[in-house]
Colleague: 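Handing you this structure, nothing more for now.
Note: hydrogens, waters and symmetry copies are ignored here, and every other heavy atom, side chains too, is used.
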Amino acid sequence: MSVALGLSSTLVAAADAPTTSNRLLLTGGVSQIEGSAGGGLTPWAVIAGYGTRDEIGATAFATRVNVQDYHLNDVGAAVGFYDRVELSVAQQRFNTEDVGAALGLGRGFTFKQTVVGVKVRLFGDAVLDQDSWLPQVSIGAQYKKNDQDAVVKFVGAKRSQGTDYYISATKLVLSQSVLLNATVRLTKANQTGILGFGGDKRNSYQPMFEGSVAYLLSRSLAIGAEYRQKPNNLSIAKEDNWADLFVAWAPTKHVSLTVAYADLGNIVIKDKQRGLYASVQVGF
């Protein structure tokens with residue numbers, strides 16, 4: 001989905017002239033729906049922004065997801081420190097449209113969720129380590145707080161706030177123009193936290209797999225797919241795994257655009273929630 005990839009194996013830094021960013025096109029990823037750098041559905045091991053190991057980079061994004069019976073508006077920003085540590089924040093507004101009225105909440109009832117994230121690169125370099133199969137590996141956490149405590153508990157969730165923990169491994173194989181990412185997430189979140197955390201069926205952390213693959217058509221254009229496994233904690237609201245097919249384009253170093261076809265499966269009382277994902281990111 002949202003993709004950020006670099007096709008050069010060298011970074012050029014001017015030793016006698018400090019800059020805010022020297023990292024090459026798309027090497028910092030784009031913004032995942034919870035604010036971390038990576039693809040649209042899942043975080044990658046890359047650090048946000050264009051800062052090298054001597055610099056600080058930053059990004060900001062806006063995302064819209066339209067499926068048959070709901071829509072999500074999502075905005076946020078991330079800062080990458082010295083290609084080592086990433087801090088991110090996102091605010092999600094999930095609009096229930098006519099489903100809200102059917103559930104007695106009112107048409108257009110909206111869940112708001114704030115996500116604060118941190119990611120640390122442990123080892124490896126997804127772009128530069130082309131002479132090794134060793135991927136870039138990072139660990140991260142995303143703290144999420146939902147503003148509808150009474151509603152999420154009414155549907156069976158145990159809490160309206162919680163924290164996900166994850167580890168990601170990302171590898172760019174320049175000779176094949178392919179990027180691969182695998183993430184394992186420990187989570188209690190229902191619909192990424194929009195419906196709270198834990199439930200009547202299960203209230204313990206579970207490991208969930210998330211994966212991405214992208215093929216680079218050129219330095220600035222990529223196509224690919226993502227998959228995100230989801231827990232199923234609530235009896236009242238069956239939860240399906242997510243998937244998407246995406247096209248990502250970076251017309252300049254500082255702007256990337258992503259469009260995807262997303263399949264989110266069942267959400268509360270509505271099945272087959274499929275539709276358009278669109279995101280724009282600016283960064284340096």
Side-chain angles (χ1 to χ4, degrees), residues 1-5 26 29-46 61 63-68 70 72 74 90 92 94 115 117 119 126 135-140 142 144 164-173 176-195 202 205-217 222-234 237-248 256 258-267 270-279 281:
M1 199 175 226
S2 304
V3 151
L5 306 163
L26 292 173
V30 294
S31 299
Q32 181 251 346
I33 58 169
E34 287 133 318
S36 301
L41 296 186
T42 181
W44 297 351
V46 298
F61 75 95
T63 296
R64 170 86 173 201
V65 184
N66 267 7
V67 291
Q68 279 91 333
Y70 308 93
L72 173 74
D74 190 11
Q92 302 169 331
F94 183 77
V115 184
K119 183 195 300 180
Q136 181 168 327
V137 176
S138 297
I139 58 172
Q142 296 171 335
K144 307 175 182 183
D164 289 356
Y165 305 94
Y166 65 88
I167 183 168
S168 294
T170 304
K171 183 63 180 178
L172 175 62
V173 185
Q176 302 298 320
S177 298
V178 171
L179 180 140
L180 302 171
N181 180 80
T183 295
V184 176
R185 179 189 300 264
L186 291 176
T187 184
K188 296 182 181 182
N190 309 315
Q191 298 294 355
T192 74
I194 297 296
L195 292 181
R202 191 177 291 106
Y205 277 101
Q206 301 171 73
M208 296 288 144
F209 173 77
E210 304 172 13
S212 306
V213 59
Y215 181 75
L216 307 170
L217 297 174
I223 59 174
E226 292 188 294
Y227 176 83
R228 178 167 175 169
Q229 190 178 22
K230 310 281 290 309
N232 196 22
N233 299 324
L234 300 173
K238 177 179 176 287
E239 187 164 352
D240 291 331
N241 299 333
W242 287 359
D244 70 58
L245 300 172
F246 65 81
V247 177
S256 63
T258 304
V259 177
Y261 175 75
D263 184 349
L264 308 185
N266 185 79
I267 300 179
K270 293 293 184 178
D271 202 5
K272 298 181 180 178
Q273 294 301 301
R274 300 164 183 158
L276 181 68
Y277 169 106
S279 184
Q281 177 185 275

Colleague: For a 4.5 angstrom cut-off between non-hydrogen side-chain atoms, does Y165 reach Y205?
Modeller: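 Touching, per the 4.5 Å side-chain cut-off.
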
Colleague: Is there side-chain contact between L216 and L172, with heavy atoms separated by less than 4.5 Å?
Modeller: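 Yes, side chains in contact.
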
Colleague: Tell me whether Q142 contacts the main-chain N or O of V115 through its side chain, where contact means a donor paired with an acceptor under 3.5 Å.
Modeller: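 Answer holds: no.
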
Colleague: Just by distance, no angles: are the side chains of E226 and S212 close enough, under 3.5 Å, to form a donor-acceptor pair?
Modeller: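 On atom types as modelled, these side chains qualify, holding a pair under 3.5 Å.
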
Colleague: Any chance NZ of K238 has more than 12 other-residue heavy atoms, nucleotides or ligands included, within less than 6.0 Å?
Modeller: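 For K238, atom NZ is crowded (more than 12 foreign heavy atoms under 6.0 Å).
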
Colleague: Quick check: closest heavy atoms across T63 and S279, and the distance to 0.1 Å?
Modeller: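 Nearest pair, atom of T63 first, then S279: OG1-OG, 2.8 Å.
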
Colleague: Restricting to non-hydrogen atoms, name the atom on A90 and the atom on D74 that form the minimum distance, rounded to 0.1 Å.
Modeller: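 Closest approach of A90 to D74, heavy atoms only: CB-OD1, 3.9 Å.
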
Colleague: Have E210 and T183 got a donor and an acceptor in their side chains that come within less than 3.5 Å?
Modeller: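 Side chains of E210 and T183: no pair found under 3.5 Å.
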
Colleague: Any luck finding a side-chain donor-acceptor pair between K230 and Q191 under 3.5 Å?
Modeller: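 Yes, Q191 and K230 have a side-chain donor paired with an acceptor closer than 3.5 Å.
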
Colleague: Will you find, in the side chains of N266 and D240, an N or O donor that is under 3.5 Å from an N or O acceptor?
Modeller: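 D240 and N266 do not have a side-chain donor-acceptor pair below 3.5 Å.
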
Colleague: Indicate whether the side chain of D263 and that of Q273 have a donor and an acceptor atom separated by less than 3.5 Å.
Modeller: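 Result is no, nothing qualifies.
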
Colleague: Looking at N190 and L234, would you say the former's side chain and the latter's main chain have a donor-acceptor pair under 3.5 Å?
Modeller: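 No, N190 side chain to L234 backbone: no donor-acceptor pair under 3.5 Å.
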
Colleague: If you look at every heavy atom in A260 and F246, which pair is closest and at what distance?
Modeller: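 Closest heavy-atom pair between A260 and F246: CB-CB, 3.7 Å.
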
Colleague: Is any side-chain heavy atom of Y166 less than 4.5 Å from a side-chain heavy atom of T42?
Modeller: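 The answer is no; the side chains never approach within 4.5 Å.
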
Colleague: Can you list the steps and then say if Y261 with Y277 is a ring pair (Phe, Tyr, Trp, His ring centres under 6.0 Å)?
Modeller: CA-CA 6 Å; Y261 175 75; Y277 169 106; over 10 Å; no

Colleague: Ignoring hydrogens, what is the shortest heavy-atom contact between A189 and N233? Give both atom names and the distance.
Modeller: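 In terms of heavy atoms, the two residues are closest at O-ND2, 4.2 Å.
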
Colleague: Find the distance between OG1 (T258) and CZ (F61) and round it off to the nearest 0.5 Å.
Modeller: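 Going from OG1 on T258 over to CZ on F61, the span is 11.5 Å.
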
Colleague: Treating S168 as the side-chain partner and P43 as the backbone partner, does any N or O pair qualify as donor plus acceptor under 3.5 Å?
Modeller: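 Between the backbone of P43 and the side chain of S168 there is a qualifying donor-acceptor contact (under 3.5 Å).
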
Colleague: Taking the side chain as everything from C-beta on, heavy atoms only, tell me whether Q68 gets closer than 4.5 Å to R274.
Modeller: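 Q68 reaches R274 side chain to side chain.
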
Colleague: Any donor-acceptor pair under 3.5 Å linking the side-chain atoms of Y227 with those of N241?
Modeller: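 The answer is yes; a qualifying pair exists.
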
Colleague: Using only atom types and a distance under 3.5 Å, with no angle test, would you say the side chain of R228 pairs donor to acceptor with the backbone of W242?
Modeller: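 No.
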
Colleague: Ignoring hydrogens, what is the shortest heavy-atom contact between F209 and A182? Give both atom names and the distance.
Modeller: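 Closest heavy-atom pair between F209 and A182: CE1-CB, 3.9 Å.
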
Colleague: Salt bridge or not between K119 and E34? Use side-chain N to carboxylate O under 4.0 Å.
Modeller: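 No, this pair does not count.
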
Colleague: Less than 4.5 Å apart, any side-chain heavy atom of Q92 and any of T192?
Modeller: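 When only atoms from C-beta onward are counted, T192 and Q92 do touch, with a gap below 4.5 Å.
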
Colleague: Can a donor-acceptor pair be found between the side chains of Q229 and R185 at a distance below 3.5 Å?
Modeller: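 Checked: Q229/R185 side chains show no N/O donor-acceptor pair below 3.5 Å.
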
Colleague: I'd like to know if the side chain of T187 pairs up with that of D164 as donor and acceptor (distance under 3.5 Å, no hydrogens or angles considered).
Modeller: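 Checked: T187/D164 side chains pair up, N/O donor to acceptor below 3.5 Å.
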
Colleague: Specify the closest pair of heavy atoms between A45 and N181, including all atoms of both residues, with the distance to one decimal.
Modeller: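 Closest approach of A45 to N181: N-OD1, 3.9 Å.
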
Colleague: F94 and I267: side chain to side chain contact (heavy atoms under 4.5 Å, CB included), yes or no, with the steps?
Modeller: CA-CA 12 Å; F94 183 77; I267 300 179; 4.0 Å; yes

Colleague: Is any side-chain heavy atom of L41 closer than 4.5 Å to one of D244?
Modeller: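 A side-chain contact exists here, since the closest heavy-atom pair is under 4.5 Å.
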
Colleague: I'd like to know if the side chain of Y215 reaches the main chain of Q176, judged simply by a donor and an acceptor atom lying under 3.5 Å from each other, with no hydrogens or angles considered.
Modeller: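 Not a single qualifying donor-acceptor pair exists.
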
Colleague: Are P135 and T170 side-chain neighbours, meaning at least one heavy-atom pair lies under 4.5 Å?
Modeller: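 SC-SC contact between P135 and T170 ruled out.
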
Colleague: Check whether Q136 reaches the backbone of A126 with its side chain - one donor and one acceptor, N or O, closer than 3.5 Å.
Modeller: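 Yes: the side chain of Q136 pairs with the backbone of A126.
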
